[in-house]
Amino acid sequence: MNPVSDAAQHSPLLKNLNPEQLAAVTAAPEPALILAGAGSGKTRVLTTRIAWLLQTGQVSPGGVMAVTFTNKAAKEMLTRLSTMLPFNVRGMWIGTFHGLCNRFLRAHWKLAHLPQAFQILDASDTTSAIKRVIRAMNLDEERFVPKQVGWFIAGCKEDGQRPGDVDARDEQTRKLVEIYANYEDQCQREGVVDFAELMLRSYELLRDNPAVREHYQNRFRHILVDEFQDTNKLQYAWLKMFAPPGAGNGQSLLAVGDDDQSIYAFRGARVGNMADFEREYRVKRVIKLEQNYRSFGHILDAANELISRNSQRLGKTLRTDAGLGDPIRVQEAPSDFAEAQWLIEEIQQLHRGGLDRQEIAVLYRSNAQSRVIESALFNSGIPYRVYGGLRFFERAEVKHALAYLRLLENANDDTSFLRVVNFPTRGIGAKTLENLQDAAKATGRSLYQSVGAIQGKGGANLVAFTNLIDSTRNLTQGMTLREIIEQVLETSGLLDFYRTDKDGAERLENLDELINAAEAFVMQEGFGKNAVGLPVDEVAEAGTPGAVPDAETGEIMSPLVAFLTHASLEAGDNQAQAGQDAVQLMTVHSAKGLEFDAVFITGLEEGLFPHENAMSDHDGLEEERRLMYVAITRARKKLSLSFCQTRMLHGQTRYNVKSRFFDELPEGALKWLTPRNQGFGSGFAREYQQAWERGSGLKGMVGAGRVERAAWVEPPVPASMKQKVSNEHGGLRVGKGVFHTKFGEGVLLTLEGSGTDARAQVNFGRHGTKWLALSVAKLTPID
DNA sequence: TTCTCGCTATTTTTT
DNA sequence: ATAGCGAGAA
């Protein structure tokens with residue numbers, strides 16, 4: 001039945017897998033759908049399958065592609081794989097949809113009609129770029145709210161639609177499409193792409209270039225997709241380009257997903273892709289992973305019972321061998337303050353009982369709910385960490401620094417230009433910038449290129465700014481990434497600004513952290529990859545996640561461009577700092593994929609959870625229910641649910657009814673801590689509240705800053721990993737002439753790295769200074 | 001150019 | 001309640 005040999009079936013990798021997991025891991029090389037329930041060992045199955053395929057010689061490292069949604073999941077997969085495999089896995093095509101698209105577009109930048117050093121706009125860059133378009137078109141920003149226009153454009157792209165494809169039936173939509181078209185032109189002019197564009201552009205490239213498409217179809221024998229229920233229309237279409245249905249070419253597309261955990265439909269995710277996949281790929285057998293290794297029985301019973309109320313399901317019931325465990329505790333609190341106070345007591349008790357604080361999670365439906373809980377935790381001195389705040393690369397000071405760095409690479413990046421042209425202030429005001437933008441618009445050139453057209457004092461200040469950029473660019477030639485950033489921070493005046501700013505200390509720290517991040521990035525990317533033993537041409541295509549060589553010439557991005565890309569693609573981890581034991585606070589959405597010993601689901605009130613805005617349609621309620629399902633299944637041992645009779649929301653007291661989800665849970669699994677149906681204002685509740693209000697200094701503390709903000713930390717790089725910089729490599733010498741088949745003669749400036757990762761910086765004069773991967777580029781020394 | 005006042009919106013958001 | 005933003009004043 002299975003073409004794999006007996007020996008392969010007895011690989012030590014396959015030990016301790018249950019029958020379903022084993023079936024998934026060793027599934028025949030054909031399309032397969034794995035329905036993986038929460039806590040069923042999904043990641044283990046994915047990584048074990050990849051390791052097993054490689055170990056049994058069914059595929060080479062270059063023939064595998066594994067796609068995830070989050071950087072975290074991708075990292076997790078790489079980490080686990082590297083412990084299972086004897087070689088370095090970093091060169092393999094394992095990453096997020098967007099990360100892999102980036103890698104692909106860097107290798108085929110010419111076909112994609114992009115500059116090789118194209119930069120990626122994050123969500124806020126995108127919004128400000130759209131805002132500029134709307135202003136340039138003299139449109140009303142009330143009627144065309146930049147953020148909403150952004151959603152519209154992203155929505156079009158995720159549906160695979162260019163401006164010409166959109167069916168605009170009304171005036172408003174026609175205008176939106178016009179904005180979309182202008183925004184596209186602007187991005188193209190500036191050499192930038194947004195997140196959705198990364199996907200759409202690579203999809204179109206594959207669609208329109210049969211040779212490239214066939215090449216990749218032949219290359220990737222095994223494609224594995226994680227969280228398939230969250231894919232949107234475009235992502236599914238993108239996957240089909242790599243592995244078309246019904247091709248019968250022996251490719252294996254393995255989709256892993258859980259329809260019950262689909263909670264991103266509101267963002268364009270199509271659960272229906274799972275059913276479509278099953279049909280279009282004629283999937284013979286759907287493997288269900290229903291054995292749960294995470295939670296006790298009462299918790300699973302509750303999850304199963306709740307989710308069974310949904311109508312549109314592929315069908316799946318979790319089971320465990322772990323026994324029933326503790327019942328689910330339910331608390332009714334008179335107010336949100338009292339709920340928070342109850343949480344404190346519970347958390348203290350759990351902690352006294354020996355539970356680490358980081359094993360305790362407090363979940364809520366919307367971010368606004370975290371405030372009360374935070375101040376209560378703050379008051380009682382319990383360390384906590386809130387997820388979902390500003391991430392490292394999104395901080396203003398870091399974005400400013402990155403904008404300067406981007407301008408060094410591409411001065412035509414108007415988004416970056418506008419961000420820092422007057423920061424720190426240089427006497428360039430709104431009026432001057434308006435004139436500049438008019439001049440740029442008239443000639444179709446970038447702001448940087450139009451500076452000469454502005455007269456007077458503003459013009460002189462603008463020239464001073466471009467001179468600053470130009471001279472910094474010259475000054476930093478040949479510098480290491482660290483030196484470049486240090487130089488930019490100094491000459492831009494950012495350091496001076498924050499040094500004199502009264503609360504600039506934290507910002508200076510973050511800028512320092514930026515240098516560390518860059519240093520860590522260089523170390524991580526620049527050392528010892530592709531010990532994988534990929535053939536040279538596959539290295540060219542796979543490259544390294546950080547710096548991808550051109551598929552033809554071997555030219556790679558400079559470390560600076562690679563770092564800037566890294567910064568946009570990975571906004572920085574919200575991951576907890578190691579060694580700090582703190583209670584975890586987050587929305588249910590951001591808890592997906594995580595697990596804790598003890599979980600508190602708070603604010604279970606009608607209108608809040610399920611949220612009123614989601615209940616306009618039937619699907620909305622089902623998605624809320626799936627969200628509740630995700631929340632419940634995060635808990636390993638202890639689960640508590642709570643709701644409040646009253647809650648302060650938008651400055652007003654709301655009187656609540658408990659969530660309908662309570663009626664959908666098995667009564668036998670619940671333990672009510674408060675008498676049922678207790679009215680508001682009953683003796684107990686009133687007393688509790690009064691005691692609470694007397695005893696707490698909370699009123700003064702509300703609005704106090706958040707403690708222990710999640711910080712972004714790069715793993716420390718051991719000194720032994722220091723990158724090799726040499727003067728010689730295979731007959732090439734720094735300072736001597738070299739010849740490249742495409743770029744002609746040049747002078748060798750720098751040599752870095754070793755082995756297949758060796759790279760060279762060469763000044764080709766007319767063609768400029770370029771970084772080349774020596775494993776790909778054909779460089780010969782000239783005497 | 002920068003500061004301050006007042007208006008508005010406030011579900012979730014992996015990239 | 002409150003953060004974020006835009007318009008007018010200093």
Side-chain angles (χ1 to χ4, degrees), chain A residues 67-75 95-102 120-127 131 141-142 145-148 150-151 154 157-158 193-199 226-227 229-232 234-235 261-269 336 363-369 371-372 375 387-388 391 393-394 422-433 457-458 461 565 567-574 586-594 603 607-616 620 623-624 626-628 630-631 647-654 699 702-703:
Chain A
V67 203
T68 65
F69 275 84
T70 65
N71 290 306
K72 203 172 156 203
K75 245 177 231 164
T96 62
F97 275 102
H98 295 85
L100 295 182
C101 283
N102 171 60
I120 300 162
L121 304 180
D122 69 14
S124 67
D125 294 334
T126 304
T127 305
K131 198 186 247 178
E141 279 181 60
E142 305 266 283
V145 183
K147 238 201 207 126
Q148 287 167 2
W151 293 335
K157 290 186 180 184
E158 281 161 10
V193 297
D194 60 31
F195 288 137
E197 187 70 27
L198 281 171
M199 289 293 321
D226 192 15
E227 305 275 19
Q229 79 281 354
D230 286 339
T231 52
N232 61 36
L234 178 58
Q235 284 158 336
Q261 291 190 68
S262 158
I263 56 175
Y264 286 106
F266 73 95
R267 263 184 102 258
D336 47 351
L363 308 184
Y364 34 81
R365 173 68 239 267
S366 64
N367 282 306
Q369 289 168 251
R371 271 206 103 79
V372 199
S375 24
Y387 283 71
R391 288 178 296 183
F393 286 113
E394 291 167 355
N422 198 36
F423 191 92
T425 50
R426 314 190 158 82
I428 300 168
K431 192 72 206 149
T432 307
L433 287 177
K457 192 146 175 283
N461 289 339
T565 302
S568 341
L569 241 32
E570 291 191 43
D573 235 323
N574 272 327
M586 66 192 83
T587 63
V588 180
H589 280 91
S590 37
K592 187 167 151 206
L594 306 177
L608 198 61
F609 198 1
H611 200 280
E612 53 200 346
N613 296 4
M615 288 191 296
S616 45
E623 179 145 318
E624 293 293 299
R626 290 193 291 268
L627 199 51
M628 182 66 185
V630 168
R647 175 181 294 280
M648 286 291 271
L649 204 65
H650 309 325
Q652 281 175 341
T653 304
R654 280 177 33 146
K699 285 167 213 107
V702 173

For [X], check side chain to side chain contact (heavy atoms under 4.5 Å, CB included) against everything at least two apart and list the hits.
X: A:Asn232; result: A:Glu158, A:Leu234, A:Gln235
X: A:Ser124; result: A:Asp122, A:Lys399
X: A:Glu141; result: A:Lys131, A:Ile134, A:Arg135, A:Pro146

Residues A:Thr96, A:Glu570; criterion side chain to side chain contact (heavy atoms under 4.5 Å, CB included); working and verdict: CA-CA 10 Å; A:Thr96 62; A:Glu570 291 191 43; over 6 Å; no
For [X] and [N], what is the distance between atoms [atom1] and [atom2] respectively, to the nearest whole Å?
X: A:Gln235; N: B:dT15; atom1: CD; atom2: C1'; value: 9 Å
X: A:Gln369; N: C:dT2; atom1: CD; atom2: P; value: 16 Å
X: A:Arg426; N: B:dT2; atom1: CZ; atom2: P; value: 12 Å
X: A:Glu394; N: C:dG4; atom1: CD; atom2: P; value: 13 Å
X: A:Glu570; N: B:dT15; atom1: CD; atom2: P; value: 8 Å

Once you apply a heavy-atom cut-off of 4.0 Å, does [X] come out as touching a base, just sugar-phosphate, or nothing?
X: A:Ala430; value: sugar-phosphate
X: A:Ile428; value: sugar-phosphate
X: A:Gly427; value: sugar-phosphate
X: A:Asp122; value: nothing

Distances for protein N/O vs nucleotides 5-10 of chain C N/O pairs under 3.5 angstrom?
unit_1	atom_1	unit_2	atom_2	d
C:dG6	OP1	A:Lys131	NZ	3.3

Protein and nucleotides 6-13 of chain B: nitrogen or oxygen contacts under 3.5 angstrom:
unit_1	atom_1	unit_2	atom_2	d
B:dT11	O4'	A:His611	NE2	3.2
B:dT11	O2	A:Arg365	NH1	2.8
B:dT11	O2	A:Arg365	NH2	2.6
B:dT11	O4	A:Asn613	O	3.4
B:dT12	OP1	A:Asn367	N	2.8
B:dT12	OP1	A:Asn367	ND2	3.1
B:dT12	O4'	A:Arg365	NH2	3.0
B:dT12	N1	A:Arg365	NH2	3.4
B:dT12	O2	A:Arg365	NH2	2.4
B:dT13	OP1	A:Thr587	OG1	2.9
B:dT13	OP2	A:Asn367	ND2	3.4
B:dT13	O2	A:Arg267	NE	2.8

Kindly indicate whether the side chain of A:Lys592, heavy atoms from C-beta on, has any atom under 4.5 Å from the side chain of A:Gln261.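 When only atoms from C-beta onward are counted, A:Gln261 and A:Lys592 do touch, with a gap below 4.5 Å.
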Any side-chain heavy-atom pair from A:Glu197 and A:Thr126 closer than 4.5 angstrom?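 No, every pair of side-chain atoms sits at 4.5 Å or beyond.
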Rounded distance in Å between the C1' positions of C:dC5 and B:dT12: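 Pairwise C1' distance, C:dC5 against B:dT12, rounds to 23 Å.
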Considering only the C1' atoms, how many Å lie between B:dT11 and C:dG6, rounded to the nearest integer?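 Here B:dT11 and C:dG6 have their C1' atoms 26 Å from each other.
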Would A:His611 and A:Phe266 satisfy ring pair (Phe, Tyr, Trp, His ring centres under 6.0 Å), going step by step from the backbone distance to the final call? CA-CA 13 Å; A:His611 200 280; A:Phe266 73 95; over 10 Å; no
Is there a side-chain contact between A:Thr425 and the phosphate of B:dT2, meaning an N or O under 4.0 Å from OP1 or OP2?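 Yes, A:Thr425 has a side-chain N/O under 4.0 Å of OP1/OP2 on B:dT2.
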For the atom pair CZ (A:Arg426) and CG (A:Asn461), what is the distance rounded to the nearest 0.5 Å?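 That separation rounds to 9.5 Å.
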Between A:Asn422 and A:Phe195, which is nearer to the 5' end of DNA chain B once each is assigned its nearest nucleotide?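 On the 5' side of the pair lies A:Asn422.
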Checking A:Phe423 now: which residues fulfil ring-ring contact (aromatic ring centres under 6.0 Å, His included) with it, not counting sequence neighbours?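 Once residues adjacent in sequence are excluded, the partners of A:Phe423 under the ring-ring contact (aromatic ring centres under 6.0 Å, His included) criterion are A:His400, A:Phe497.
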